[in-house]
Asks: 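One structure is given below, represented as structure tokens, and several questions about it will come after.
Both counts, for ligands and for their atoms, begin at 1 and track the order of listing.
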Amino acid sequence: MIYTDNAATTKMSEAAVNKMFSLINTTWGNPSSLYSVGQEAKEALEKAREEVAAIIGARPQEIIFTSGGSEADNQAILSAAKLGERKGKRHIISSAFEHHAVLHTLEKLRKEGFEITLLDVHSDGLVRPEEVETAIREDTCLVTIMFANNEIGTIQPIREIGAICREKGVLFHTDAVQAIGHVPVNVVDDNIDMLSASAHKFHGPKGVGFLYVKRGILLTNLIEGGAQEKGKRAGTENVPGIAAMAEALKEANEKMADNAAHMTAERDRLIAGLKEISHSALNGDALKRLPGNVNFCFEGIEGESLLLLLDDKGIQASSGSACTSGSLDPSHVLLAIGRVHDVAHGSLRLSIGEDITDEEVDYIIKSVKEVVEYLRGFSPIWRDLMTGKKEFIL
Ligand SMILES: *Cc1c(COP(=O)(O)O)cnc(C)c1O
């Protein structure tokens, strides 16, 4: 089995699993309790906070632990909206290809009277900083642009966008769920005010994540209750999960340069191999992309059939994102970069892992070639394309 769906979730690392078990067994107290088993849990919690903060260049007090990336996105955006509203600022800038945790939160705000500008991501899957600058108005309270896209892997010019927001005095949030642990992220150097991350995208456990909030920015609670997380996120903390997240992040960070070098080389071999398939195209910029992301469109086929046949060959991949596969709508990300419906339907995302081998890449290329050819053999769309009834786009 070759698992190439690491953008959907990753397998927990051995170090993270061991950390989690050791805390479940020994440090199981409530971190808010004053007796020793509680205080040990508290220590583990605060150690994790320090470790996570250090890796992204933040202070421990600026880290709020959450149930994952979605919660962090919701809290960051709703908090910025609340702060803006108090000053009569009800305009938010984002991009058309954000994760649904961002887009649906913005949609909710739109219904409450906020005005949302979704910037074009162009055919290369990149937001232009100058377009962010032009879009900022007197009443803009937030710019939220993802660090790296979860479907096509493109890495945005975050530092430049952050600098523009700083200069204009507008809060800047980034959904860095796909970037953290994979590419260097530093909230100070990158001019980030708020950042969302999720453990299960870097070999930590599911259901755990964090929100970085720059000191001085007031958060709004999504969950009311006890005074955990400085009163900003009620509920007894998932200490084993949080400690395991910190462990996974430390490991990912230590190995980042080596992992990225290896994965980039394999990614580029995959891209070169799949480009040989006729009427195919890589989605998103070839260079400004995550080390592990390959995303292609193949004309004349359905992504779903491609996935099932690849699964038969032991290759686990994705078409669109996990959230949208299962629905008939093509990916909003592929539509945002200008792919038409027919073409967007024939997409394949391979998000490779750190341990991918040369042989596996060769096998994937061979298998995708076979499966695309096979599916085109009885595709009515392909027949129309070949007989000239329909025009090729790719
Ligand atoms: C996975 C993902 C999320 C959601 O994170 P969860 O921890 O699963 O809630 C948000 N944004 C991006 C870019 C993601 O890839």
Asks: What distance do S318 atom OG and D5 atom CG have between them, rounded to the nearest 0.5 Å?
Replies: 4.5 Å
Asks: Restricting to pairs with a member in residues 274-302, which pass salt bridge (charged side-chain N to carboxylate O under 4.0 Å, His left out), not counting sequence neighbours?
Replies: E276-K369
Asks: Can you confirm whether the side chains of T154 and N149 place a donor and an acceptor under 3.5 Å from each other?
Replies: no
Asks: Any heavy-atom pair between the side chains of L375 and F298 that's under 4.5 Å?
Replies: no
Asks: Show me the donor-acceptor pairs within less than 3.5 Å that the side chains of residues 195-204 make with the rest of the protein, sequence neighbours left out.
Replies:
unit_1	atom_1	unit_2	atom_2	d
S196	OG	D73	N	3.4
S196	OG	D73	OD1	2.7
S196	OG	H173	NE2	2.8
H200	ND1	T9	OG1	2.6
H203	ND1	K11	O	2.6
H203	NE2	E354	OE1	2.9
H203	NE2	E354	OE2	3.2

Asks: Which residues pass the salt bridge (charged side-chain N to carboxylate O under 4.0 Å, His left out) test with D362, not counting sequence neighbours?
Replies: R269
Asks: Ligand 1: which residues have a non-hydrogen atom closer than 4.0 Å?
Replies: G68, G69, S70, D73, H99, M146, N150, D175, V177, Q178, S198, H200, K201
